[in-house]
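Before any comments, here is the structure.
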Amino acid sequence: MLDVRRLRAKGALRPGDHGAIDVGHGPRLWYRTMGDLVVLRRAPEGCVFQTVGIDSTRANLGVGQRWWLRCPREDCGRRCMRLYWPPERSSGFACGRCARVTYPSQRLSPFDMAERRCNDLLVQLRQARMHNKGYLRLRRALVEAEQARAAAFRAWAMVRLRLPV
């Protein structure tokens with residue numbers, strides 16, 4: 001993963017800067033900043049691996065700048081904070097959309113999502129000291145979550161076990 005905040009902390013966004021950067025599970029890369037581009041190489045003097053655009057915008061309240069990387073894919077060009085090394089590893093860095101990055105919670109089944117919600121509500125009920133009104137609100141939410149979990153399990157069982165509706 002190539003993160004603009006790490007690049008900035010390293011000083012890599014200043015024109016003319018160069019050095020090496022570790023990008024997680026991808027290869028170690030050497031970079032050189034040229035104007036509004038960061039040129040990435042696999043070896044210090046090797047051929048150009050990928051060129052990534054740099055962009056900046058004014059931060060909220062007009063104080064300071066916010067730095068962005070541009071997705072190097074030809075059909076994208078989105079501004080983003082991070083570029084990911086896609087699983088196929090042959091096409092170079094890409095934004096989260098182009099690399100098809102998902103959060104683990106996006107891969108949960110409906111039953112697993114309902115189970116997680118129930119567990120979160122149980123933890124809140126056990127840990128928090130609250131007024132009766134807050135307790136009753138959490139308790140109602142837990143009952144609804146348990147009903148959703150039961151419905152998700154029934155739907156899974158009907159599909160998995162081929163039960164009649």
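Any value given below was found using the heavy atoms of this structure, including those in side chains, with hydrogens, waters and symmetry copies removed.
With values rounded to the nearest 0.5 angstrom, Glu146 atom CD is found 9.5 Å from Glu115 atom CD. Expressed to the nearest 0.5 Å, how far SG of Cys71 lies from CZ of Arg82 amounts to 15.0 Å. Atom NZ of Lys10 sits about 5.5 Å away from atom CD1 of Ile21, to the nearest 0.5 Å. Atom CZ of Arg149 and atom CG of Leu142 lie 8.0 Å apart (nearest 0.5 Å). A distance of 12.0 Å separates CG in Asp17 from CE in Met34, rounded to the nearest 0.5 Å. Gln124 CD to Arg137 CZ: the interatomic distance, rounded to the nearest 0.5 Å, is 7.5 Å.
By the 4.5 Å heavy-atom criterion applied to side chains, Leu13 and Thr33 are not counted as neighbours. A 4.5 Å side-chain heavy-atom check between Asn119 and Arg116 finds every atom pair outside the cut-off. Leu7 has its side chain within reach of Leu69: a pair of non-hydrogen atoms, C-beta onward, lies under 4.5 Å apart. Side-chain contact between Arg70 and Arg79 is present, with heavy atoms from C-beta onward closer than 4.5 Å. Looking at heavy atoms from C-beta onward, Trp68 lies out of side-chain contact with Val4 at the 4.5 angstrom threshold. Residues Arg107 and Pro104 are in side-chain contact: their nearest non-hydrogen atoms beyond the backbone lie under 4.5 Å apart.
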(request) Could you walk me through whether Leu138 and Met130 pass side chain to side chain contact (heavy atoms under 4.5 Å, CB included), step by step? (result) CA-CA 10 Å; Leu138 275 178; Met130 62 192 87; 3.5 Å; yes
(request) Determine, step by step, whether Arg78 and Arg73 satisfy the side chain to side chain contact (heavy atoms under 4.5 Å, CB included) criterion, reporting the C-alpha distance in whole Å, the side-chain angles of both residues, the deciding distance to 0.1 Å, and the verdict. (result) CA-CA 9 Å; Arg78 290 179 64 219; Arg73 297 272 174 105; over 6 Å; no
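Taking hydrophobic clusters as Ile, Leu, Val, Met, Phe, Trp and Tyr residues chained together by side-chain heavy-atom distances below 4.5 Å, Leu121 does not share a cluster with Val123. Cluster membership check: Phe153 does not share its hydrophobic cluster with Met113, using side-chain heavy-atom separations under 4.5 Å among Ile, Leu, Val, Met, Phe, Trp and Tyr. Neither Phe111 nor Val143 shares a network with the other; the hydrophobic side chains, linked directly or stepwise wherever heavy atoms of I, L, V, M, F, W or Y lie under 4.5 Å apart, form separate groups for each.
At least one donor-acceptor pair closer than 3.5 Å links the side chain of Gln50 to the backbone N or O of Phe93.
The shortest heavy-atom contact between Tyr84 and Ala99 is CB-CB, 4.1 Å. Considering all non-hydrogen atoms of both residues, Cys95 and Cys76 come closest at SG-SG, 3.7 Å. When all heavy atoms of Gly53 and Leu37 are compared, the pair lying nearest together is CA-CD2, 3.8 Å.
When the shell of 6.0 Å around CZ of Arg8 is examined, it contains 12 or fewer heavy atoms from other residues, nucleotides or ligands. The number of heavy atoms from other shown groups lying within 6.0 Å of CZ (Arg160) does not exceed 12. Atom CZ of Arg100 has 12 or fewer neighbouring heavy atoms from other residues, nucleotides or ligands inside a 6.0 Å radius.
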